Amino acid sequence: MSAPRLSAAERAGTSAAFGSARAPRSTRGQIIDSVVGTPPASVSPDLVAENPQNPREEYDEVYITSLGQNMREVGQIQPATVMTRLAFLVSHPEHKESIPSDREYVAIDGHCRLRAARQAGIDLRITVDDSPAGTREDLLAAALSANHFRKDLTPIEEAKAIEALVEFHGSAAAVVSVLGGAINDSWISTRRALLNLPDEIQQKVADKKVPIAIARKAGSLPTPEERTAYVDTEMAARAAAQAEKPRPVRGRAAAAAKRQAPPAPAQPVQETPPAAAAGTTTTPASSVPEPRGETNTGPNSEPTLDWTDPDGIAAAILERCSSAVVEGIAQKLLSSL
């Protein structure tokens, strides 16, 4: 008799990246948990957004306060029904801007209980129901194909989602087709290889302490011992190479080093060049000739322009320049006054 077929959760197993940490989970974590784990029974009300489609606009604050006191003293009898943020936005993409990114759920039923729990400072008991958005596989496909959700996934969470989708659809090629080209076969094989790593290495990958390139290569090795040894060797080599790099000096140490450094040598003063030989004149290219007092005695020379004579200047400009240039000069002069 053949062994029973394992579910995605059983095949993927539990790891520190998914099972142990019960800190507030992001939307991506809740979506992955919906396939390979169990959603929490209660959460902070600060993680639950109110439904923008809720018709109720006014609340009885006296009732909300009384309900909160009762929930704190007696307990919350009826859980509030919520959807994960991703599932709600898959169903209602028009509300993308209405649901804050730091909310993991959207209230469907139980808005008074949500407000009462928030006011009383206690956790809210919830029941997660994502069925209006489609199957769990539909949500995983949305999480992996939509960049604004996928960017928050850790590599291990992506691997868990891919493994579940491959099992559901039958092959990696089918998953590529379902996701509409958002990923390719190579990316899928890289992520699935990560699930071959021991739990502690998966956690390091999720925490970005082990690069994907090293983890992928380790995941392709045949035994757990070889995978662990490969990661340890590669990370030790990276640490040694990093240690050999000179560390930049900053802060007070940099200021102290600057004070102790010898002063920079003084720049030599450029001497004035000796006078030019008799009969020659040296004029820098950027120098401007004196406006008056100079005369040219060559046969083709023009009379010296007297820059203090407005009529003479105007006549010279009109004689030498086109009408467009004259107009430009006039505008410049007028704007400078």
Side-chain angles (χ1 to χ4, degrees), residues 6-40 43 47 84-86 101-102 104 139-140 143-167 172 175 179 182-248:
L6 299 179
S7 66
E10 293 168 332
R11 290 179 60 192
T14 60
S15 71
F18 284 84
S20 64
R22 282 286 65 171
R25 298 282 282 152
S26 63
T27 299
R28 44 90 195 253
Q30 296 296 346
I31 295 304
I32 305 305
D33 283 345
S34 70
V35 174
V36 300
T38 302
V43 296
L47 298 178
T84 58
R85 180 175 183 271
L86 173 62
S101 60
D102 59 349
E104 298 181 4
L139 294 178
L140 283 174
L144 290 174
S145 59
N147 288 334
H148 60 282
F149 292 120
R150 181 179 162 191
K151 67 182 180 181
D152 292 329
L153 291 171
T154 68
I156 301 301
E157 287 170 335
E158 290 175 335
K160 294 281 188 177
I162 285 295
E163 185 68 17
L165 286 177
V166 169
E167 177 179 303
V175 173
L179 296 183
I183 59 177
N184 54 37
D185 290 330
S186 176
W187 188 89
I188 288 180
S189 63
T190 296
R191 288 303 185 269
R192 296 183 74 191
L194 301 180
L195 297 180
N196 296 328
L197 299 171
D199 290 349
E200 60 273 14
I201 297 180
Q202 288 189 31
Q203 181 63 61
K204 291 180 180 179
V205 174
D207 294 339
K208 298 182 179 180
K209 295 180 179 178
V210 173
I212 290 292
I214 294 177
R216 175 183 58 82
K217 176 65 176 178
S220 65
L221 298 177
T223 66
E225 292 76 17
E226 289 177 281
R227 298 164 193 160
T228 300
Y230 180 83
V231 171
D232 291 343
T233 300
E234 290 297 314
M235 293 306 296
R238 287 172 63 93
Q242 188 68 26
E244 294 178 357
K245 294 182 178 180
R247 296 184 178 181

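In this chain, numbering begins with 1 at the start of the sequence shown. Everything numeric here is computed off the predicted structure, so don't read it as measured data.
- The shortest heavy-atom contact between A218 and R227 is O-CG, 2.8 Å.
- Counting only heavy atoms from C-beta outward, the side chains of S101 and R85 approach each other to under 4.5 Å.
- Annotation: side chain of P211 is in contact with side chain of M235 (closest heavy-atom distance under 4.5 Å).
- The side-chain heavy atoms of I212 and L194, taken from C-beta on, include a pair separated by under 4.5 Å.
- Qualifying side chain to side chain donor-acceptor pair (under 3.5 Å) partners for S186, counting only residues two or more places apart in sequence or in other chains: none.
- Rounding to the nearest 0.5 Å gives a distance of 6.5 Å between CG of L195 and CD1 of I156.
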Is there a side chain to side chain contact (heavy atoms under 4.5 Å, CB included) between K204 and L197? Walk through the geometry before answering.
CA-CA 10 Å; K204 291 180 180 179; L197 299 171; over 6 Å; no

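- Atom CZ in R191 sits 9.0 Å away from atom CD1 in I162 (nearest 0.5 Å).
- A pairwise comparison of heavy atoms in L221 and Y230 identifies CD1-CB, 3.6 Å as the closest pair.
- Between V166 and R192, the closest side-chain pair of non-hydrogen atoms falls below 4.5 Å.
- Considering every non-hydrogen atom in both T228 and P198, the closest pair reads OG1-CG, 3.4 Å.
- Annotation: the span from N196 atom CG to T223 atom OG1 amounts to 11.0 Å, rounded to 0.5 Å.
- In this structure, CD in E163 is found 10.5 Å from CD1 in I188, a value given to the nearest 0.5 Å.
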From CA spacing to verdict: side chain to side chain contact (heavy atoms under 4.5 Å, CB included), T154, K208
CA-CA 9 Å; T154 68; K208 298 182 179 180; over 6 Å; no

